[in-house]
Amino acid sequence: MSILVTGAAGFIGSKVCELLAKSGEDVVGIDNINNYYDVKVKKYRLDGLKKLKNIKFYKVDIEIKKDIEKILNEYKCKAIINLAARAGVRYSMENPFTYVSTNIMGTLNLLDIARENKIKKFILASTSSLYAGQKMPFVESLAVNTPISPYAASKKGAEAMCYSYHYLYGIDVSVLRYFTVYGPAGRPDMSVIRFIKWIDEEKPIELFGDGLQTRDFTYVEDIAIGTIKALKKVGFEVVNLGGNKPYKLSYMINLIEKNLNKLANYDYKPFCKADIVATWANIDKANKLLQWTPKVSLEQGIRKTVDWYLENKYWFKNVTL
Ligand SMILES: NC(=O)c1ccc[n+]([C@@H]2O[C@H](COP(=O)([O-])OP(=O)(O)OC[C@H]3O[C@@H](n4cnc5c(N)ncnc54)[C@H](O)[C@@H]3O)[C@@H](O)[C@H]2O)c1
């Protein structure tokens with residue numbers, strides 16, 4: 001029995017596939033390899049996965065149900081981990097329709113395939129963005145009724161659909177709300193990787209707002225470990241996976257400066273209305289239910305990410321941000 005991982009060429013998906021395969025699981029990864037950000041980064045991650053023998057990869061779009069069904073005809077799966085998504089907050093203002101079709105319709109396709117194929121376990125990647133307007137630290141029991149971006153709204157739709165399929169068909173679901181994930185081979189549309197590249201290339205960094213907004217940064221390997229732990233039977237649970245220590249963006253920038261031994265120049269942009277001002281995860285539930293705590297501090301994580309960047313600069317310099 002295999003585990004189907006969607007978004008396998010993505011930042012988090014590729015790490016989840018790698019850790020699952022290294023733990024001896026058979027993994028079937030799918031991704032449509034879209035060009036929302038530079039596909040060179042997706043190809044690099046897939047090249048890494050190709051070295052592991054118990055991973056099969058297929059270029060499949062989760063919006064096309066019959067194509068996913070073909071995969072399920074070939075491989076018996078015991079779980080689906082749905083990490084494929086349109087994930088950028090700001091771009092969701094430009095193209096909200098794609099967010100609904102991928103994040104909600106795509107999730108529905110996968111849930112329906114789980115029902116048809118009697119796949120008992122489903123994991124959905126959701127987001128801390130849903131907590132906009134709530135009191136920190138964010139706890140899972142808070143109401144999330146004011147999504148401030150089409151991205152967050154689409155994840156709320158996906159979460160709700162997961163609950164319906166759990167209630168009606170008994171599918172065991174873990175909804176994981178991730179908090180600002182960063183690390184090696186990270187997304188070139190997110191601040192950490194962009195800032196590293198810009199500071200190293202001595203180009204001004206595009207900063208939305210004043211840098212005083214805070215994020216509960218979480219290292220990618222910690223996120224992947226938590227995601228795999230969430231394969232356990234839980235019924236239906238929403239669980240935060242976050243660093244539990246919010247930091248100002250300006251502190252993250254200082255760490256990059258120290259590691260590169262270069263100073264940032266700034267290109268200030270207005271704060272984007274769709275962005276949340278601050279995030280901070282309460283992770284008591286992840287602790288109790290999944291025995292999960294993040295292990296990598298922001299200081300260690302930024303160092304590892306900068307080291308990765310310096311080793312990969314020979315090709316990463318050609319990545320478009
Ligand atoms: N990175 C973060 O900080 C963060 C925070 C909260 C939630 N999340 C969620 O975690 C998941 C993974 O995020 P990520 O940071 O790895 O993003 P990512 O963009 O690197 O990975 C998503 C992958 O899904 C693929 N994909 C998109 N639409 C698809 C479709 N229709 N069919 C098949 N594949 C498709 C993309 O090509 C991409 O490789 C997403 O669901 C995202 O919303 C991420």
Side-chain angles (χ1 to χ4, degrees), residues 4-18 28-46 49 57-65 67-68 71 80-89 91-92 95 97-110 123-131 138 147 149-159 162 175-193 215-224 226-227 230 238-243 275-276 279 281 301:
L4 179 70
V5 180
T6 74
F11 174 37
I12 301 171
S14 58
K15 190 43 92 181
V16 168
C17 287
E18 179 197 324
V28 183
I30 60 173
D31 200 297
N32 69 351
I33 321 186
N34 68 50
N35 65 358
Y36 160 65
Y37 61 74
D38 198 324
V39 292
K40 285 195 265 307
V41 185
K42 298 184 183 183
K43 293 206 168 117
Y44 164 85
R45 300 184 190 124
L46 285 177
L49 293 182
F57 176 78
Y58 296 90
K59 188 168 183 239
V60 167
D61 194 318
I62 62 164
E63 292 180 43
I64 306 172
K65 193 170 175 228
D67 288 354
I68 319 168
I71 303 281
I80 298 177
I81 304 182
N82 182 24
L83 301 169
R86 291 294 181 147
V89 172
Y91 184 63
S92 78
N95 201 344
F97 298 95
T98 311
Y99 282 68
V100 170
S101 57
T102 297
N103 300 358
I104 303 182
M105 291 304 293
T107 299
L108 175 57
N109 282 338
L110 292 160
I123 294 182
L124 174 74
S126 189
T127 173
S128 59
S129 305
L130 273 174
Y131 291 115
F138 299 139
S149 63
Y151 168 61
S154 71
K155 287 290 181 177
K156 185 174 162 82
E159 286 192 0
C162 282
V175 170
L176 303 176
R177 292 190 182 146
Y178 298 150
F179 284 66
T180 316
V181 189
Y182 74 100
R187 272 168 45 194
D189 65 321
M190 287 185 71
S191 63
V192 173
I193 289 287
R215 286 290 177 274
D216 200 354
F217 293 100
T218 321
Y219 191 65
V220 65
E221 190 144 334
D222 280 329
I223 285 288
T227 303
V238 176
V239 185
N240 289 338
L241 295 182
D275 263 331
I276 187 166
T279 66

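What you see is a predicted model, and the numbers here were worked out from it, not measured in a lab. Indexing begins at 1, ligand by ligand and atom by atom, following the structure's order.
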Contact region, Y182 to ligand 1, non-hydrogen atoms below 4.0 Å, reads neither

The answer for which part of I33 has a heavy atom under 4.0 Å from ligand 1 is backbone

Less than 3.5 Å between some nitrogen or oxygen of N82 and one of ligand 1, yes or no? no

Are any of the N/O atoms in I12 less than 3.5 Å from those in ligand 1? yes

Are K155 and Y99 in a cation-pi setup, meaning NZ or CZ lies under 6.0 angstrom from the ring centre and within 45 degrees of the ring axis? no

Closest to atom 21 (O) of ligand 1 among protein heavy atoms sits G10 CA, 3.3 Å

The side chain to side chain contact (heavy atoms under 4.5 Å, CB included) partners of I193 (sequence neighbours excluded) come to T305, W308, F316

**Q.** Y91 and D189 side chains, donor-acceptor separation under 3.5 Å
**A.** no

**Prompt:** Does any N/O atom on R86 come nearer than 3.5 Å to any N/O atom on ligand 1?
**Reply:** no

Review point. When the ring centroid of F179 is compared with that of F217, is the distance short of 6.0 Å?
Key: no

**Q.** Y182 versus S191, side-chain donor and acceptor atoms under 3.5 Å
**A.** no

Sorted by chain and residue number, the salt bridge (charged side-chain N to carboxylate O under 4.0 Å, His left out) partners of K40 (sequence neighbours excluded) come out as D38

message: Does any N or O of ligand 1 fall below 3.5 Å from an N or O anywhere on F11, backbone included?
response: yes

So for S128 against ligand 1, with non-hydrogen atoms under 4.0 Å, the contacting part is neither

Quiz item: Y131 ring centre to R177 NZ or CZ under 6.0 Å, with the angle to the axis within 45°?
Solution: yes

Discussion item. So for ligand 1, is G13 a polar contact partner (N or O within less than 3.5 Å, distance only)?
Written reply: no

- Is the closest heavy atom of G106 to ligand 1 under 4.0 Å? no

Counting heavy atoms under 4.0 Å, the part of N34 that contacts ligand 1 is both

To atom 43 (O) of ligand 1, the nearest of Y151, F217, F179 on a heavy-atom basis is Y151

Distance-only side-chain donor-acceptor flag, T6 / N82, under 3.5 Å: yes

- Mind checking whether V41 has a heavy atom under 4.0 Å from ligand 1? no

| query | Quick check: does G7 get an N/O under 3.5 Å from an N/O on ligand 1? | reply | no

